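Throughout, residue positions are numbered sequentially from 1 according to the sequence presented. Everything numeric here is computed off the predicted structure, so don't read it as measured data.
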Amino acid sequence: MAFSPEIQWVATLGAEKGLFTFAQCANVLKVLGEGADGVSFAQKLIDAGVAHDLEALEVVLDEAMRKAAEGPPARDPFAGPSAKVESRGGGTAEESAALRANLPSFPFERVATMNDAELRDAFRGLLVNCARGSVSDLHLSAGSRPFVRKNRELLMLGQKPLSADDSLRLNTIMLSDGERQNFLQRRDLDYALAVDGSNRYRVNLMVHKNGPAGAYRMVPAKVLTLEELGFGKHVDTIRKLLTYHNGLILVTGPVGAGKTTTLASLVAYLNETREDHIITVEDPIEVVQPAKGCNVSQREVGAHTRSFFSALKGALREDPDIIVIGELRDLETIEMAISASETGHLVIGTMHTSDAATTLNRLLDVFPAAQQTQIRASVAESLRGVVCQRLLPAVGGGLQLACEIMVSNLAIQALIRENKGAGLRNTMETGVKEGMCLMDTVVFGLWQEQRISAQTALTNITNRVLRQKIS
């Protein structure tokens, strides 16, 4: 049974915040049926006595509505292995055991009694063991049980919620005095944590209504190639985009879709195949790129520059050939990136969008109406391609990458200039020989190859004709 993106996001976000479990959501949906929307689902969670924190649920619902407008989560919480995980109410012992294999242990009940040195060593060991156990994220939040994400599934490390004091100690034990003071003043902090030479983590610290919280994303020790990431037959198309010496390339996808990993792979490929000056602007630096064929200058927002915009402005005076931007998130940064791509630089950046059409709309709509004609002409001229990606649950466990690729040609350029985004999909369908592909077609192909389940395919395909072919 397929449910709307709104419901999938409510279930996903609510479970991440510890408001309820997926098993509880599944039970409620048995009553509601397939035609329910996010609002009725949230109300039913309240009526059934599943959701008790109404304020938190309201926040989740608002966020779910926003995210649903861009598409469903990278994985359907009610499809495939997730419906069978022990922590979500059911499933075989073998599947639960496989998912929980090598999960780290930590004496969370002793946090208050450890001194700083003991806690620092124990926490360092926790992070290292998370990476060894194929965990992608560690979450330590006041008022919630510690949990990790493994193969897109949430697994609890303990049964007792962390207190605000314990969460504060855990999440600040690895900070310097200056970083700790900065976090306490600003209530937000992004930084990169290097435990040793091969274990790096992207960390976000924040404060919510129950107290401090931290999210730790494991950074792979090895930069994977495009083939290893799962791009398969699309590798040649992406590498062809990297042969340009100017223009704009965008890597897009929802949160957790692997954009940063793909970006690191692109930089590594350029570093090995070209002799250029690469400047990267990241927040924070996740994957360290040692100089090979290229000279690589990596800058971190906060530590090395005030903002993406200021770093980009300075980069144009630093003789770069390639500029890599961790995220295109505001008008100034996007405008500067487009300008740089027009002045003889190859610019590569990421955006949080679900497909090529949405990416172009987001890129262009940030500009005021008076600039639209000019900016559309600039983007039509400078854009080289868009690579959109998602991570889907694979049959047998693990994740499978699905992608949509748009390559700029005369037809695409005309659509951008004339503001005819409705024709983009048809143009991409006819551009297969140039390496273009649609997400629907790629996901359907993965189902045909039995790499993903029918339920996962149905959740990620919007084309009615293709959906009818899936049984």
Query raised in the report: salt bridge (Lys or Arg N to Asp or Glu O under 4.0 Å) between Asp121 and Arg124: does it pass, once the steps are laid out?
Result: CA-CA 5 Å; Asp121 288 342; Arg124 187 179 290 111; 3.0 Å; yes
**Report entry** Full working for side-chain contact (heavy atoms from CB on, under 4.5 Å) between Arg425 and Leu438
**Finding:** CA-CA 8 Å; Arg425 187 181 183 90; Leu438 290 170; 3.8 Å; yes
Report task. Step by step, work out the side-chain contact (heavy atoms from CB on, under 4.5 Å) result for Met336 and Leu316. Result -> CA-CA 10 Å; Met336 185 61 71; Leu316 297 180; 3.7 Å; yes
Query raised in the report: Under the side-chain contact (heavy atoms from CB on, under 4.5 Å) criterion, do Lys259 and His352 qualify, and how do the steps go?
Result: CA-CA 9 Å; Lys259 297 185 295 297; His352 293 292; 3.3 Å; yes
**Report entry** Verdict with reasoning, Thr441 to Glu404, per side-chain contact (heavy atoms from CB on, under 4.5 Å)
**Finding:** CA-CA 9 Å; Thr441 306; Glu404 175 171 296; over 6 Å; no
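By the 4.5 Å heavy-atom criterion applied to side chains, Asn210 and Ser141 are not counted as neighbours. The shortest side-chain heavy-atom distance between Val287 and Val267 does not fall under the 4.5 Å cut-off. Side-chain atoms of Thr350 and Thr262, non-hydrogen and from C-beta on, never get closer than 4.5 Å to each other. The shortest side-chain heavy-atom distance between Ile279 and His277 falls under the 4.5 Å cut-off. Residues Ile405 and Val442 form no side-chain contact, since every pair of their non-hydrogen atoms from C-beta on lies 4.5 Å or further apart. Taking the side chain as every heavy atom from C-beta outward, Asp177 and Arg180 never approach each other to under 4.5 Å. A 4.5 Å side-chain heavy-atom check between Ile452 and Val443 finds at least one atom pair inside the cut-off. Two residues are said to be in side-chain contact when any heavy atoms from C-beta on lie closer than 4.5 Å; Thr261 and Glu286 fail this criterion.
The minimum heavy-atom distance between Ala164 and Gly211, with the atom names listed, is CB-CA, 4.5 Å. Here the closest heavy-atom approach between residue Asn115 and residue Ala117 is recorded as OD1-N, 3.1 Å. Pairing each heavy atom of Ala311 with each of Arg299, the nearest pair is CA-NH1, 3.8 Å. Nearest approach of Cys130 to Met218, heavy atoms of both residues: CB-CE, 3.6 Å. Heavy-atom minimum distance, Val301 versus Arg306: CG1-O, 3.8 Å. Here the closest non-hydrogen pair linking Arg274 and Cys294 is O-SG, 3.2 Å.
For Thr359 (side chain) and Asp355 (main-chain N/O), a donor-acceptor pair under 3.5 Å exists by modelled atom type. The closest donor-acceptor contact from the side chain of Asp440 to the backbone of Asn463 lies under 3.5 Å. With hydrogens and angles disregarded, a donor-acceptor distance shorter than 3.5 Å links the side chain of Ser408 to the backbone of Leu383. A donor-acceptor pair under 3.5 Å is formed between the side chain of Gln372 and the backbone N or O of Leu364. A donor-acceptor distance shorter than 3.5 angstrom exists from the side chain of Asn271 to the backbone of Pro290, with no hydrogens or angles considered. The main-chain N or O of Val288 is never found under 3.5 Å from a side-chain atom of Arg200 such that the two would form a donor-acceptor pair. Put simply, the side chain of Thr333 never gets that close to the backbone of Leu328: no donor and acceptor are under 3.5 Å apart. Distance alone, capped at 3.5 Å, places no donor-acceptor pair between the Glu179 side chain and the Met174 backbone. Under the 3.5 Å distance criterion, the side-chain polar atoms of Gln389 are matched with a main-chain donor or acceptor of Ala257. At distances below 3.5 Å, not a single donor-acceptor pair connects side-chain atoms of Arg149 with backbone N or O atoms of Asp137.
Ion pair Asp166/Arg169 not flagged as a salt bridge, since none of the NZ, NE, NH1 or NH2 atoms sits closer than 4.0 Å to an Asp/Glu carboxylate oxygen. Salt bridge Lys240/Glu434: absent, no basic N to carboxylate O contact under 4.0 Å. Remark: Glu228 engages Lys222 in a salt bridge, criterion side-chain N to carboxylate O under 4.0 Å. One finds a salt bridge joining Arg362 and Glu70 here, because a Lys/Arg side-chain nitrogen approaches an Asp/Glu carboxylate oxygen to under 4.0 Å. A salt bridge links Arg417 to Glu381: at least one charged side-chain nitrogen sits closer than 4.0 Å to a carboxylate oxygen.
Checked against the 6.0 Å centroid threshold, Phe183 and Tyr191 do not count as a close aromatic pair.
In this structure, His345 NE2 and Asp276 CG are separated by 11.0 Å, a value rounded to the nearest 0.5 Å. We find the CZ-OG1 distance between Arg390 and Thr252 to be 9.5 Å, quoted to the nearest 0.5 Å. Here Phe367 contributes atom CZ and Asp365 contributes atom CG; the two are 10.5 Å apart, rounded to the nearest 0.5 Å. Rounding to the nearest 0.5 Å places CD of Glu227 at 8.0 Å from OG of Ser265. For the atom pair Leu391 CG and Leu399 CG, the distance stands at 5.5 Å (nearest 0.5 Å). Atom CG of Leu162 sits about 13.0 Å away from atom NE2 of His139, to the nearest 0.5 Å.
Using a 3.5 Å distance cut-off with no hydrogens or angles, the side chains of Gln298 and Gln289 do not pair a donor with an acceptor. In this structure, a donor-acceptor pair under 3.5 Å is present between the side chains of Glu342 and Ser378.
At most 12 non-hydrogen atoms from other residues, nucleotides or ligands lie less than 6.0 angstrom from CD of Glu58. For Arg186, the CZ atom sits in a loose shell: 12 or fewer heavy atoms of surrounding residues, nucleotides or ligands are nearer than 6.0 Å.
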